[in-house]
Amino acid sequence: MMKMHIEHIAQRLKWSGYRLLDTIGPIGLGATAVFALMLVAHQGYMMPSYRQQADALTRIASQQKTRAAELARYRNTAQAPAETPVADQQDILDVFHQHGLNASEVKYQQMTAGADGRKQTWITLPVIGRYQNFRSAAEVLTAMPGVRMTSFALSRKTPADQVLAIELKLSLRENAAGKEGK
C-alpha cells in the first residue's frame with residue numbers, strides 16, 4: 001500500500017511538471033529552476049555572511065564606545081600641560097636688530113580672541129634691510145613660541161637694489177598668566 005501511495009505521488013508530480021512545462025515553456029522552467037537555486041544559495045551561503053558582518057559591526061561599535069569612554073576618563077584626569085613662555089614685542093624687535101634690519105613706526109592692534117579671553121596682539125612692522133637678513137630673521141621669528149607671521153610684502157625701487165622695504169604683519173598671543181612675554 002505504501003509503495004502504491006509513493007508511486008501515485010510520483011505520477012502526480014510528473015503530471016504537474018508536464019502541465020507547468022506546457023504553461024511557462026522550457027525557458028520559463030529553466031528560469032524558475034535558476035531562481036530556486038539562487039534562493040537556496042542565498043539562504044544557505046550568503047545569509048550567514050550578512051549575519052557575521054552585522055555581528056562584527058555591532059562588536060566594533062561597542063569597542064568604539066568603550067574606547068571613547070576611556071578617552072573621556074583620560075581627558076578628565078590628564079593635567080594641563082605647563083604653559084610655554086611666549087615671546088614679547090621687545091624680543092621681536094631684538095631679532096630684527098640682531099639680523100641687521102631697521103624697524104620703524106611699529107603699529108600695534110590688540111583684541112581679545114578665543115573663548116578663554118586671551119589677548120591677541122597684531123603688529124605691523126615696516127623693516128628695511130637685505131633679503132638674506134630678512135630671511136634669517138623670519139626663520140627665527142617663526143620658531144618663537146606665540147609668534148605667527150601672518151603676511152609680509154617685499155618691495156624695492158629697482159631690481160638691482162640690495163636693500164628692501166619690507167612690511168611685516170605678525171600676531172602675538174598672550175600667555176596663560178595674562179601678560180605678553182615671559
Quick check: does any side chain N or O of Asn133 sit under 3.5 Å from a backbone N or O of His99, one acting as donor and the other as acceptor? yes
Between the CG atom in Leu168 and the CD1 atom in Ile123, the distance rounded to the nearest 0.5 Å is 9.0 Å
- Count the heavy atoms of every other residue, nucleotide or ligand shown that sit under 6.0 Å from CD of Glu105, and state whether that count exceeds 12. no
Quiz item: Would you say the side-chain atoms of Asp55 and Thr58 include a donor-acceptor pair closer than 3.5 Å?
Solution: no
| query | Yes or no on side-chain contact (heavy atoms from CB on, under 4.5 Å) for Leu141 and Phe96, after CA distance, side-chain angles and deciding distance? | reply | CA-CA 9 Å; Leu141 283 174; Phe96 285 117; 3.4 Å; yes
Between Asp22 and Arg19 (side chain of the first, backbone of the second, donor and acceptor by atom type, cut-off under 3.5 Å), is there such a pair? no
Contacts of Phe134 meeting ring-ring contact (aromatic ring centres under 6.0 Å, His included) (sequence neighbours excluded), chain-then-number -> Phe152
*Enclosure of Met38 CE (heavy-atom neighbours >12, cutoff 6.0 Å)*: no
| If you draw a 6.0 Å radius around CD1 in Ile27, do more than 12 non-hydrogen atoms from other residues or ligands fall strictly inside? | no
CZ of Arg59 to CD of Gln64, rounded to nearest 0.5 Å, is 11.5 Å
Distance col, row Gln11:CD vs Ile6:CD1, nearest 0.5 angstrom, shows 14.0 Å
Rounding to 0.5 Å, atoms NZ (Lys157) and CG (Leu164) come to a distance of 12.0 Å
Value for CZ (Arg12) from NE2 (His8), rounded to nearest 0.5 Å, stands at 5.0 Å
_Looking at Val163, is its backbone amide N or carbonyl O close enough to the side chain of Arg130 to form a donor-acceptor pair, meaning the two atoms are under 3.5 Å apart?_
no
message: Counting neighbours of CZ on Arg156 that are heavy atoms of other residues, nucleotides or ligands and sit closer than 6.0 Å, is the number greater than 12?
response: yes
So CG of Leu172 and CE of Met144: to nearest 0.5 Å the spacing works out to 8.5 Å
Can you find a side-chain donor-acceptor pair between Gln109 and Thr121 that sits under 3.5 Å? no
- Query: Does the side chain of Ile92 come within less than 4.5 Å of Leu170's, by heavy atoms?
  - Reply: yes
Between Gln98 and Asp94, is any side-chain donor less than 3.5 angstrom from a side-chain acceptor?
no
Closest non-hydrogen atoms of Ser171 and Thr150, given as atom of the first, atom of the second and distance, are CB-CG2, 4.1 Å
- Task: Check for a donor-acceptor pair, side chain of Thr124 on one end and backbone N or O of Lys169 on the other, with a separation under 3.5 Å.
- Result: no
Review point. Is the closest side-chain heavy-atom distance between Leu101 and Ile128 below 4.5 Å?
Key: no
Are Val147 and Thr142 close enough that some pair of their side-chain heavy atoms sits under 4.5 Å apart? no
